[in-house]
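Protein chains get the first letters and strands the later ones, always in sequence-line order, with residue 1 at the start of each. Atom set for the values below is all heavy atoms of this structure, side chains included, hydrogens, waters and symmetry mates excluded.
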2 protein chains.
Amino acid sequence: MYSFINKMNFYSCLTHEEKAAIQGCVDSKHYFAKGQTLARAGEKPDRINIVTEGWACRFKSAHDGTDQAISFILPGDQCEDISPIQCSLDHGIRALSDIRITRVDRQKLLSQLTPGSGLTNGLAWASIVDKSIMGEWLLNVTRRPAVMRLAHLLCELFTRSVIIGRTEDNSMYFPLTQVALSEALGLSPVHLNRSLQLLRRRKLVSLSRKTLTILDWQQLAEFADFDNNYLHISGKPPVSLRLAS
Amino acid sequence: MYSFINKMNFYSCLTHEEKAAIQGCVDSKHYFAKGQTLARAGEKPDRINIVTEGWACRFKSAHDGTDQAISFILPGDQCEDISPIQCSLDHGIRALSDIRITRVDRQKLLSQLTPGSGLTNGLAWASIVDKSIMGEWLLNVTRRPAVMRLAHLLCELFTRSVIIGRTEDNSMYFPLTQVALSEALGLSPVHLNRSLQLLRRRKLVSLSRKTLTILDWQQLAEFADFDNNYLHISGKPPVSLRLAS
DNA sequence: CGGGTAATTGACCCGGGTCAACAGCAGTGG
DNA sequence: CCACTGCTGTTGACCCGGGTCAATTACCCG
């Protein structure tokens, strides 16, 4: 739960009371193994599930049975919208690694959403960033060639990991298989593999044993045409500093 | 302004007082010609601009100078997020037809966002739908071949037009040029043209003089693998009925 | 009737998909 | 400790949907 509060606190600024109040909404904790489905399209969940450890993804299934990932859920992210409106999911959610989840009482949490509260602002931020990311993915997938597309996604995921404090130097935990990456990027697994090899050959990244290391951030970001504006992190000194190095 | 209130009222349910209060936030009205830029990436607008007549699009520019549309703005839609958080735009906005805009005072409007108010709920709905549409676009663009992709977008735009009451029988106002369509679908204008011709030859749609006519909704929707679930309109009888016909 | 925008057509090409085989490696049970 | 099994990653050969370039042809409006 620390991960969620930390994220809210990053975007907004929570008082001690607010943090405690959020803690008070916790209902239960759960564990899911890699590959398990956390939610299916059409469901109408009445709890909020927050991923506290591990990665998941939202995905939609196409006419031909293939899946497209529409976003990644990292520690601190919720599976459901936290909104007064409750509507059925239009996509599924799947664990991409073993994950830990904290379930929260929806009504209790909603009651914290008074105008101006830290939680209200934090969630508003998070929502804007989510939308921005989807816009950037749209651009990524339609306008950038495969290698660049992959490089861009790696930049994004590294930056997001920095934000939630899950990097160590230039390395990060990276549980995605090549198939999962290809489903996010709209590429075939085969071609994704070839693109990844190009990045490795250029000594921009190294990726093995679930660890991604950025070998040359400047070069990688430039190559990917990566501009972190869309993540709306400007004015968050700790992160800016980390990324400048 | 009617278009915006009507949209909020469609998703939520506004009292007379609420409608009047929204009207009270109106600041000024403006006109923009087709092709004009309403906003640029990086700007931090402090007014809310609501399109009341005509179409616009949000777009992002790629490394090679081409643009990708990331969503369409129809009458009743706002250009800016209505959120306590104010952050800079990560995309531009361009008029796709001559458009009319009503400018609204941000602070006044925000003061209407009390928990449980019709506006709060309406905006929450709208936000969820916006996000859903982007997810569907992601799927559309990565997983569906060109003709199907186009068919799907036409289904979406027709459905959205029904929602805002801008259709007449099976026809609707449709100001998009083929270039604009191709920018939304991630296709080249040439290929878009060919795809459109296929749909015409199959007698699924007709499109000329800014009027789109759906010749066979059943067939078109089936062909496009269109499932309007993602627009979250179930339980809105007037629309369901219109679309069933 | 002229000029500019939007649509259409043909010829050619390439990024990335598909299919199929194989290698590496982790976990499992004997 | 090893053999088995299934997942993940890698490679090669071949193919096609959709891109590009370039030239016309409508269409719209003053």
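- Taking side-chain N and O atoms only, N193(A) has no distance below 4.0 Å to OP1 or OP2 of dG9(D).
- The side chain of Q197(A) contributes no N or O atom lying less than 4.0 Å from OP1 or OP2 of dG9(D).
- Residue-level contact check: P145(A) touches the backbone only, with heavy atoms under 4.0 Å from sugar-phosphate atoms and none from bases.
- Between L181(A) atom CG and dT10(D) atom P there is a gap of 12 Å when expressed in whole angstrom units.
- Using a 4.0 Å heavy-atom cutoff across all strands shown, R200(B) reaches sugar-phosphate atoms only and no base atom.
- Of the candidates dA6(C), dT8(D), dT10(D), the closest approach to any side-chain atom of T177(B) belongs to dA6(C).
- Regarding L199(A), its CG atom lies at a distance of 15 Å from the P atom of dG9(D), rounded to whole Å.
- The side-chain heavy atoms of Y31(A) and I101(A), taken from C-beta on, include no pair separated by under 4.5 Å.
- Atom-to-atom, CG of L185(A) to P of dG15(C) comes out at 18 Å; the value is rounded to the nearest Å.
- A distance below 6.0 Å separates the ring centres of F72(B) and W137(B).
- Nucleotide dG17(C) holds its C1' atom 12 Å from the CG atom of D64(A), rounded to whole Å.
- By the 30° and 60° cut-offs, the orientation of the rings of F32(A) relative to H30(A) is tilted.
- Among the atoms of the strands shown, none is found under 4.0 Å from any heavy atom of G35(B).
- Toward the 5′ end of DNA chain C lies the nearest nucleotide of V147(A), the other residue of the pair V190(A) and V147(A) mapping further downstream.
- In this structure, L192(A) atom CG and dG9(D) atom P are separated by 9 Å, rounded to whole Å.
- Between H152(A) and Y230(A), the ring planes are parallel. Angles under 30° get that label, and only those over 60° would be called perpendicular.
- For dT10(D), the OP1/OP2 oxygens have a side-chain nitrogen or oxygen of Q178(A) closer than 4.0 Å.
- At whole-Å resolution of the value, CG in L198(A) and C1' in dT11(D) are 14 Å apart.
- Taking only side-chain atoms of L187(B), from C-beta outward, the nucleotide of dG19(D), dT9(C), dG9(D) with the closest atom is dG19(D).
- A cation-pi geometry, defined here as NZ or CZ lying under 6.0 Å from the six-membered ring centre and within 45° of its normal, holds between R94(B) and F59(B).
- If you check distances only, the side chain of R194(B) does reach the base of dG10(C) with a donor-acceptor pair under 3.5 Å.
- K210(A) has no side-chain polar atom (N or O) that falls below the 4.0 Å cut-off from OP1 or OP2 of dT8(D).
- Residue K34(B) places at least one side-chain N or O under 4.0 Å from the OP1 or OP2 atom of dA6(C).
- Rounded to whole Å, the distance from CG on L207(A) to C1' on dG9(D) is 11 Å.
- Residue-to-nucleotide proximity on DNA chain C shows that, of R144(A) and R209(A), the 5′-proximal contact is made by R144(A).
- Atom NE2 in H191(A) sits roughly 17 Å away from atom P in dC19(C) (whole-Å rounding).
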